[in-house]
Every structure is written in C-alpha cells, then in structure tokens.
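Below is one structure, written out as structure tokens; comments come after it.
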2 protein chains.
Amino acid sequence: MDITREELQSRMERFEEALRSSGIKLTHQRIEIFREVAKTGDHPDAEKIYKRVKKRIPTISLDTVYRTLWMLNDMGLITTLGLQRGRVRFDANVSPHHHFVCARCGRVGDFYSQDFDDLEVPEAVRSMGDVATIHVQFRGLCSRCSENNRRK
Amino acid sequence: MDITREELQSRMERFEEALRSSGIKLTHQRIEIFREVAKTGDHPDAEKIYKRVKKRIPTISLDTVYRTLWMLNDMGLITTLGLQRGRVRFDANVSPHHHFVCARCGRVGDFYSQDFDDLEVPEAVRSMGDVATIHVQFRGLCSRCSENNRRK
DNA sequence: TTTAATGCAAAAGATTTGCAACATG
DNA sequence: CATGTTGCAAATCTTTTGCATTAAA
C-alpha cells in the first residue's frame with residue numbers, strides 16, 4: 001500500500017517548509033528518515049525505519065531515528081499508533097483517516113470516510129477538552145489471519 | 001472516575017467464572033490484580049497496578065503482574081490502550097466505549113455513545129477482515145492542560 | 001498429590017541520555 | 001563561525017524468561 005509520487009513530493013515539501021519555518025536544521029538524516037516514513041503506507045516502528053534508512057546512510061544511529069521521529073510527532077508531521085506490546089509505530093499520513101487493526105497479527109489498514117471525519121463531538125467529550133482530531137478504529141481478524149485459522 | 005460497588009461486584013464475578021470455566025487457577029494474586037484494574041476508571045500501566053497491589057500483597061512481583069495482565073487481555077477480560085511512549089495501559093471496561101485522549105499529558109476520559117457503537121462498517125473495511133469491535137477516539141488538549149497553557 | 005502459578009534474578013527489548021565530534025545555516 | 005545535530009556508548013526503563021519453590025484444585 002504505497003503512496004503516489006505526487007503525494008510523496010507534497011509531503012516532503014510540507015516537511016521541509018515546516019522545519020525551515022521553525023528554524024530546525026534540515027539535515028541529511030532528517031530528510032531520509034521523514035522520506036522513509038512518508039513513502040510507505042505500512043506503519044513501521046523505529047527499528048524498521050532505522051534499517052531502511054541505514055541502506056542509504058550506513059552510519060546513521062538508532063537514537064537519531066528516535067529523536068527525529070518524536071520531533072516530527074511533536075510538530076504534527078507524523079502521528080503514532082500504539083498497537084502492539086511495547087512498540088510504537090509511526091504514520092506520516094496526517095490527513096484525517098481511520099484504521100482497521102488485526103487483533104492477531106497487528107496488521108493495520110487505513111481507510112477514508114468523510115462521514116467519520118464529520119462525526120459530531122458529544123457533549124460529554126466537549127467537557128473533557130478541546131477536540132482536535134477524531135479517529136475511528138475497527139478491530140478484528142484480518143483476512144489473512146482468518147484464512148490461516150480455517151486451514152488448521 | 002471510579003466504578004460503582006455493583007459494577008465492581010459484577011466484574012469480579014465475570015472474572016472468576018471465566019477463569020474457573022477455563023481451568024485457570026484462581027490465585028490470590030490474580031484476584032487482587034484483576035480487582036485493582038476493575039475498580040478504577042483511570043487506565044493504569046503495569047507499574048501502577050503493581051504498586052497498588054503491593055500494598056495488599058507485599059511479596060508480589062512485577063512479572064506476575066505482567067503475566068496476569070496479558071492473560072486477562074488474551075481472555076478478553078480487560079483491554080489495552082497504547083497511548084504513551086513505550087508503555088501499555090490497561091482497561092477493565094470491556095463494554096463498548098470510546099475515549100478522549102489528551103495529546104499533551106496522556107490523560108484518558110471514557111464516554112459512551114450508542115450512535116458510535118452502531119456506526120456502519122464501510123465496505124473498504126469489510127474487505128480487510130471481520131470487524132469485532134469499533135472504537136472512536138478524540139484527541140486534543142484536556143481542560144487541565146489548556147488552562148495551564150493560558151497561564152503561561 | 002499433581003500441575004499450574006509464583007517469586008526471584010537475570011535477560012531481553014525498547015528508548016533515552018551525556019558528551020565530544022561534526023555539519024548546517 | 002556559532003549553534004544545533006549526530007554518533008557512540010552507556011544508561012534507563014519496560015517487559016519477558018528460566019527455574020526452583022509454593023499453592024490451588
């Protein structure tokens with residue numbers, strides 16, 4: 001589930017502009033780390049991103065990957081999903097979208113729905129704070145896992 | 001945000017029955033660990049649960065807490081939320097409900113909504129797998145954090 | 001009594017930090 | 001050139017595991 005060339009281009013531009021306007025340096029490693037998260041539709045964890053970037057920057061270190069990912073998260077350029085035991089996964093798709101998560105293997109599928117984006121915020125929630133984003137998550141067995149199930 | 005005496009009672013009974021019918025032993029520590037998660041409306045992590053149970057069972061060990069929590073999760077008696085960096089939180093409220101999460105401090109508020117429980121599963125999701133649960137999550141600044149903000 | 005569960009200590013895994021060397025603006 | 005950023009190594013924090021001991025059924 002990869003992203004189009006145009007979408008990637010536009011994410012990269014948004015990223016470079018955001019860093020520049022915050023006075024944060026555009027380093028080689030930051031660019032490659034963001035590109036790696038931005039170009040894929042899967043939701044990699046820090047280790048996976050590290051391995052992929054390492055192919056292009058062999059001297060990069062895992063802690064730089066972490067530092068960069070959390071910085072990008074704090075700037076709102078990527079988001080995190082906490083879906084598996086003790087491991088955070090990152091998502092460069094910051095446009096409103098929703099997820100299907102496989103309860104067995106952790107596989108995540110994105111989907112879009114204007115109806116879900118526009119869901120009304122209940123009164124009970126408004127009293128808790130200012131809502132910025134809404135996110136709907138379905139859980140269940142993905143088709144691959146339920147096939148494996150049947151075969152047993 | 002604590003639970004009524006009746007609700008706690010009913011959760012405890014469901015728990016004991018579930019273990020008994022699976023042939024899993026009802027140990028002192030399992031009972032106290034479950035009670036601790038069941039009786040609170042906050043969404044504690046393993047460490048917090050450990051500290052609380054330790055007051056009543058001073059010799060309990062952290063690994064027993066972990067083992068028990070994951071077992072309860074696998075049995076569907078509690079669920080997990082992955083909301084903070086590298087730390088899993090547990091929730092004994094398994095009836096359908098939804099969350100407001102503070103983007104800054106991680107505070108979680110529960111709310112109920114029949115409308116959200118009944119949201120229609122889009123075609124795009126049905127093709128990914130069999131949906132078992134739906135969960136809507138709002139993110140934003142909680143009222144406490146936005147007050148602190150204003151004061152600065 | 002039998003078998004599963006616990007506690008301990010140690011390991012493993014994930015993430016963070018201090019600091020000297022280095023690259024960007 | 002000044003300052004922010006990196007890589008390294010070590011530290012820290014969270015979670016898991018092996019094994020002898022203990023307790024539930």
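Chain A is the first sequence line, chain B the second, and so forth, proteins listed ahead of strands; every chain is numbered from 1.
- Partners of B/T59 by side chain to side chain contact (heavy atoms under 4.5 Å, CB included), not counting sequence neighbours, listed by chain and number: B/I57.
- Contacts of residues 56-63 of chain A with DNA chain C (heavy atom under 4.0 Å): A/L62, A/D63.
- Taken residue by residue, residues 18-31 of chain B places heavy atoms nearer than 4.0 Å to DNA chain D at B/K25, B/L26.
- Straight-line distance from the NZ atom of B/K54 to the P atom of C/dG7: 11 Å, rounded to whole Å.
- The ring pair (Phe, Tyr, Trp, His ring centres under 6.0 Å) search around B/F15 returns B/F34, not counting sequence neighbours.
- In this structure, B/Y50 places its OH atom 16 Å from P of D/dT16, rounding to the nearest Å.
- Whole-Å rounding puts the A/K48 NZ to C/dT15 P distance at 13 Å.
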Salt bridge (charged side-chain N to carboxylate O under 4.0 Å, His left out) between B/R67 and B/D74, intermediate numbers included: CA-CA 11 Å; B/R67 275 188 288 231; B/D74 291 347; over 6 Å; no
N/O donor to acceptor pairs below 3.5 angstrom from side-chain atoms of residues 24-31 of chain B, sequence neighbours left out:
{"residue": "B/T27", "atom": "OG1", "partner": "B/R30", "partner atom": "N", "Å": "3.2"}
{"residue": "B/R30", "atom": "NH1", "partner": "B/K25", "partner atom": "O", "Å": "2.9"}

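- Put simply, CE on A/M71 is 16 Å from P on C/dT17, counting in whole angstrom units.
- By the side chain to side chain contact (heavy atoms under 4.5 Å, CB included) test, B/A132 pairs with no residue at all, sequence neighbours left out.
- Applying the ring pair (Phe, Tyr, Trp, His ring centres under 6.0 Å) rule to A/H98 yields the partners A/F111, A/F116; only residues at least two apart in sequence or on another chain are considered.
- Partners of A/Q9 according to the side chain to side chain contact (heavy atoms under 4.5 Å, CB included) rule, which considers only residues two or more places apart in sequence or in another chain, are A/E13.
- Atoms CH2 (B/W70) and C1' (D/dT16) sit 11 Å apart, rounded to a whole Å.
- Contacts of A/F100 classified as ring pair (Phe, Tyr, Trp, His ring centres under 6.0 Å), with partners at least two apart in sequence or in another chain: none.
- Separating the CD atom of B/E32 from the P atom of C/dG7 is a distance of 12 Å, rounded to the nearest angstrom.
- Atom CG in B/L72 sits about 12 Å away from atom P in C/dA5, given to the nearest Å.
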